[in-house]
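Notes to accompany the following structure.
A quick note: this is a predicted structure, and the numbers were derived from the prediction, not measured. Values below: every heavy atom of this structure, side chains too, minus hydrogens, waters and symmetry copies.
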Amino acid sequence: LAETFCLNCGILALDEPTTNLDADNASSLAEALKAIMFSRKDQENFQLIVITHDESFAHQIGTREHAEYLWRIVKDEDGHTLIHNDLIAGQ
């Protein structure tokens with residue numbers, strides 16, 4: 001579905017895409033997104049933005065061949081927002 005609506009677009013943004021998905025369907029979605037990333041690897045303007053609390057899903061799609069790092073947004077002890085750039089395991 002995402003590929004249909006995002007044909008030749010520069011940005012595909014997904015907000016909590018694994019909400020209400022079981023583990024098998026979340027894994028299937030991760031594999032589909034990896035396939036989209038692979039097919040778009042030569043498209044200079046393509047970016048995938050995934051907003052999720054599902055760290056397992058983020059690591060499934062955030063493999064070395066597709067990305068070097070993940071952006072993590074957290075709150076500190078005072079409630080201030082912090083943005084971290086985390087290297088993906090194996091980098």
Side-chain angles (χ1 to χ4, degrees):
L1 185 60
E3 181 67 4
T4 300
F5 288 114
C6 189
L7 192 58
N8 297 319
C9 71
I11 298 174
L12 172 60
L14 303 171
D15 185 9
E16 297 292 350
T18 59
T19 299
N20 297 321
L21 294 183
D22 61 19
D24 289 339
N25 283 315
S27 290
S28 293
L29 178 58
E31 291 303 316
L33 290 173
K34 285 168 59 173
I36 290 170
M37 288 187 285
F38 181 77
S39 70
R40 300 289 186 88
K41 68 181 179 182
D42 296 324
Q43 183 180 337
E44 290 183 16
N45 70 332
F46 181 72
Q47 296 180 53
L48 174 65
I49 300 169
V50 178
I51 301 164
T52 185
H53 290 92
D54 186 341
E55 290 192 35
S56 174
F57 179 76
H59 285 282
Q60 281 183 293
I61 63 172
T63 57
R64 285 175 46 159
E65 64 267 13
H66 302 297
E68 297 173 5
Y69 54 86
L70 301 172
W71 291 100
R72 182 181 309 271
I73 300 172
V74 297
K75 299 273 185 181
D76 67 12
E77 61 276 355
D78 296 322
H80 298 110
T81 300
L82 303 173
I83 301 173
H84 297 281
N85 181 329
D86 294 340
L87 282 176
I88 294 172
Q91 291 290 323

Looking at Asp15, I'd like to know if its CG atom is crowded, meaning that more than 12 non-hydrogen atoms belonging to other residues, nucleotides or ligands lie closer than 6.0 Å. yes
Exam field: side chain Asp78 to backbone His80, donor-acceptor pair closer than 3.5 Å: no
Contact summary for Ile61 and Met37, nearest pair of heavy atoms: O-CE, 3.3 Å
For Gln47, all residues meeting side-chain hydrogen bond (donor to acceptor under 3.5 Å, both in side chains), sequence neighbours excluded: none
Shortest non-hydrogen pair, Pro17 vs Ile51, comes out as CD-O, 3.7 Å
Could you pull out all residues at least two apart from Ser28 that satisfy side-chain contact (heavy atoms from CB on, under 4.5 Å)? none
For the pair Leu14 and Leu33, evaluate side chain to side chain contact (heavy atoms under 4.5 Å, CB included) and give the outcome as yes or no after the intermediate values. CA-CA 10 Å; Leu14 303 171; Leu33 290 173; 3.7 Å; yes
Starting at CD of Glu16, measure out to CG of Asp54 and round the result to the nearest 0.5 Å. 8.5 Å
Over 12 non-hydrogen atoms of neighbours within 6.0 angstrom of NE2 in His84: yes
Identify the heavy atoms of Lys75 and Thr81 that sit nearest to each other, and give their distance. NZ-OG1, 3.2 Å
For Leu48 and Val50, the nearest pair of non-hydrogen atoms, with its separation, is CG-CG2, 3.8 Å
Could you report the tightest heavy-atom contact between Gln60 and Ser27, atom names first, then the distance? NE2-OG, 3.1 Å
For the OG1 atom of Thr18 and the CG atom of Leu29, what is their distance to the nearest 0.5 Å? 7.5 Å
